[in-house]
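Below: the structure, in structure tokens.
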Amino acid sequence: MKSGIFERFQSMPIARSSMLWAHVLTSVVANLISLVVVVLVAVLMGFPLGGGSAGMARGRRHPDPVHPRR
């Protein structure tokens, strides 16, 4: 905080909310990357995607081959 970066930003013609939005957007991107990595690792480890990505988003489970529905 002693580097003067905030003073430089205040002297520039940018909106005050731009720093907040930049922080929010970088956090969203980082979380999306983490989500993709977790899902890829789960798929590589054998997590069954029964209904594809849409079924996974709805929370549907993979059909159980041992106890099928009647």
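Keep in mind the model is a prediction, meaning the values are calculated, not measured.
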Test item: S18 side-chain N/O and I14 main-chain N/O as donor-acceptor pair under 3.5 Å: no
Reference residue V29; test side chain to side chain contact (heavy atoms under 4.5 Å, CB included); the match among L32, L25, I33, N31: I33
Residues clustering with L40 (ILVMFWY side chains joined when closer than 4.5 Å, directly or via others): V36
Candidates V41, L35, V37 - the one meeting side chain to side chain contact (heavy atoms under 4.5 Å, CB included) with V39: L35
Residues in side chain to side chain contact (heavy atoms under 4.5 Å, CB included) contact with S17, at least two apart in sequence or another chain: A15, W21
